[in-house]
Amino acid sequence: MAGANVIGVDLGGTKILAGVIDDDGNVHQTIEQPTPTTSQAALLDGLEQAVRELLTSEIAAVGFGVPARIDRHTGVALGAVNIPLSDLRFRDELANRLQLPVGAENDASVAALAEFRLGAGRGSTDLILLTLGTGVGGGLVIDGKLFRGWAELGHIVIVEDGEPCQGSCSGRGHLESYCSGLAADRLARRVLGPDATARDLVVQSHPALEEIGRHLGTAVGSLINIFDPQVVVIGGGFGIAAGELLLAPARSMILREALDPAGQQVRLALAELGTEAGLIGAGLVAFEALEGS
Ligand SMILES: [Zn+2]
């Protein structure tokens, strides 16, 4: 529908970012609220409230990027590591509350779609995106199409019997245990003291960030060996803030771990759409829901 506007909602582990998006992917007014994490009911109320603050008669559809495992066949949100969401027909529930066409995909998948179409992946056919935020999210575009399976790339094992993973994940040594913003907070406390956070490491360009970058590169090297992407995009609040402090050590690990010639050819880049990638991607999913309605 030409000229229509939609609302995109990027649901994160700590905040809800919602915005009005036009059909060129431009973001207009946005609002930000803390994510209610006390219960699933509170979370759904918070999402509905965020949308209603932006809702006008010009809004044709709403799209959500959700940090949860969504069954691509049924649309059921099966579970989430860092927010209270399980076994819920998420898309139907929000469509019912809002009485509008609703689309919902994994949050990192929608960010991958946005970077592929409008950001660092423009002109490519195969892209991997990792978001380093509260957790580590993953999204894949293969042969020009968004992969709609779980793509829980944050929960691949990079250290056998390693650090316990976070939230509701029972695993050990997962990428998320080492490269999320929360993992960086833990590292900051270890090297700088009990009140330090990931932000302090970034502000000081602290050499400890190299440790995180090497873990990131180890994971990316393995992913390259499976998917052979042209571009690997790093996004998320922590990922973008730390930027080249992570990417430089990651590149040296990629050269070691990825098979020739992928390690030399792959482009490792920061999300061009910045922390709005998830929001814009949620808008793209809203337009898809509108077309399908
Ligand atoms: Zn995990």
Side-chain angles (χ1 to χ4, degrees), residues 1-12 16-28 30-31 35 43-44 47-48 50-51 54-55 58-78 80 83 85 88-119 121-122 127-129 131 133 137-142 144-152 233 235-236 271-293:
M1 193 195 287
N5 282 350
V6 299
I7 292 174
V9 183
D10 180 17
L11 170 59
I16 297 170
L17 178 63
V20 175
I21 320 271
D22 67 27
D23 56 0
D24 288 323
N26 298 306
V27 178
H28 298 274
T30 61
I31 57 156
T35 303
L43 178 67
L44 292 169
L47 287 170
E48 181 182 349
V51 171
L54 295 170
L55 203 54
E58 290 175 2
I59 299 299
V62 184
F64 292 86
V66 187
R69 301 180 297 284
I70 296 179
D71 185 310
R72 63 180 140 164
H73 305 295
T74 61
V76 173
L78 299 169
I83 55 165
L85 195 59
L88 174 78
R89 291 192 171 276
F90 183 89
R91 194 178 51 212
D92 295 348
E93 169 74 26
L94 270 300
N96 208 13
R97 284 174 178 238
L98 298 166
Q99 293 297 305
L100 282 169
V102 165
E105 294 284 347
N106 175 271
D107 60 339
S109 289
V110 306
L113 186 62
E115 287 293 333
F116 174 70
R117 293 223 190 124
L118 303 165
R122 277 190 315 274
L127 167 148
I128 294 174
L129 173 133
T131 57
L140 294 167
V141 175
I142 301 168
K145 289 213 174 69
L146 181 66
F147 173 68
R148 288 192 144 86
W150 287 6
E152 288 284 1
V233 181
E272 276 182 23
L273 304 174
T275 51
E276 286 192 335
L279 179 65
I280 294 167
L284 295 176
V285 166
F287 280 109
E288 285 184 2
L290 185 56
E291 283 162 19
S293 68

side-chain contact (heavy atoms from CB on, under 4.5 Å) against Asp92, all qualifying residues, sequence neighbours excluded: Arg89

How far does CG of Leu54 sit from CD1 of Ile59, to the nearest 0.5 angstrom? 7.5 Å

Qualifying side chain to side chain donor-acceptor pair (under 3.5 Å) pairs, either residue in residues 95-104, two or more places apart: Asp45-Arg97, Glu48-Arg97, Glu93-Arg97

Kindly indicate whether the side chain of Ile128, heavy atoms from C-beta on, has any atom under 4.5 Å from the side chain of Leu140. yes

Residue pairs fulfilling salt bridge (charged side-chain N to carboxylate O under 4.0 Å, His left out) with at least one residue in residues 58-73, sequence neighbours excluded: none

Distance-minimising heavy-atom pair for Gly65 and Ala282: N-CB, 3.9 Å

Looking at CG of Leu78 and CG of Leu88, how far apart are the two atoms once the value is rounded to the nearest 0.5 Å? 10.5 Å

Nearest non-hydrogen partners of Ala61 and Leu290, listed with the distance: CB-CB, 4.0 Å

What distance separates Arg91 CZ from Glu105 CD, expressed to the nearest 0.5 Å? 8.0 Å

How would you list, by chain and number, every residue that makes a side-chain contact (heavy atoms from CB on, under 4.5 Å) with Val62, sequence neighbours excluded? Ile7, Val9, Val51, Phe64, Leu98, Leu100, Val102

Evaluate the side-chain proximity of Val110 to Ile280: yes if any heavy-atom separation is below 4.5 Å, no if none is. no

Is it true that a side-chain atom of Asn106 and a backbone atom of Ala68 form a donor plus acceptor pair closer than 3.5 Å? yes

Using side-chain contact (heavy atoms from CB on, under 4.5 Å) as the criterion, list what pairs up with Thr35, not counting sequence neighbours. Leu11, Ile16, Thr37, Leu43, Ile83

State the CG-CD distance between Leu17 and Glu276, to the nearest 0.5 angstrom. 6.5 Å

Could you tell me which non-hydrogen atom of Ala80 sits nearest to which non-hydrogen atom of Pro67, and how far apart they are? CB-O, 3.3 Å

Distance-only check: which donor-acceptor pairs under 3.5 Å involve side-chain atoms of residues 111-119, not counting sequence neighbours?
{"from": "Glu115", "atom 1": "OE1", "to": "Ala120", "atom 2": "N", "distance (Å)": "2.8"}
{"from": "Glu115", "atom 1": "OE1", "to": "Glu272", "atom 2": "N", "distance (Å)": "3.1"}
{"from": "Glu115", "atom 1": "OE2", "to": "Glu272", "atom 2": "N", "distance (Å)": "3.2"}
{"from": "Glu115", "atom 1": "OE2", "to": "Leu273", "atom 2": "N", "distance (Å)": "2.9"}
{"from": "Arg117", "atom 1": "NH2", "to": "Glu288", "atom 2": "OE2", "distance (Å)": "3.4"}

Donor-acceptor pair, Asp24 side chain versus Asn26 backbone, under 3.5 Å? no

At their closest point, which heavy atom of Phe90 faces which heavy atom of Ala104, and how far apart are they? CD2-CB, 3.7 Å

Assess whether side chain to side chain contact (heavy atoms under 4.5 Å, CB included) is satisfied between Asp22 and Asn5, documenting all intermediate values. CA-CA 5 Å; Asp22 67 27; Asn5 282 350; 3.3 Å; yes

Please confirm whether the backbone N or O of Gly137 pairs with a side-chain atom of Thr131, one donor and one acceptor, at under 3.5 Å? yes

Between Ala289 and Gly103 the two heavy atoms that sit nearest each other are CB-N, 3.6 Å

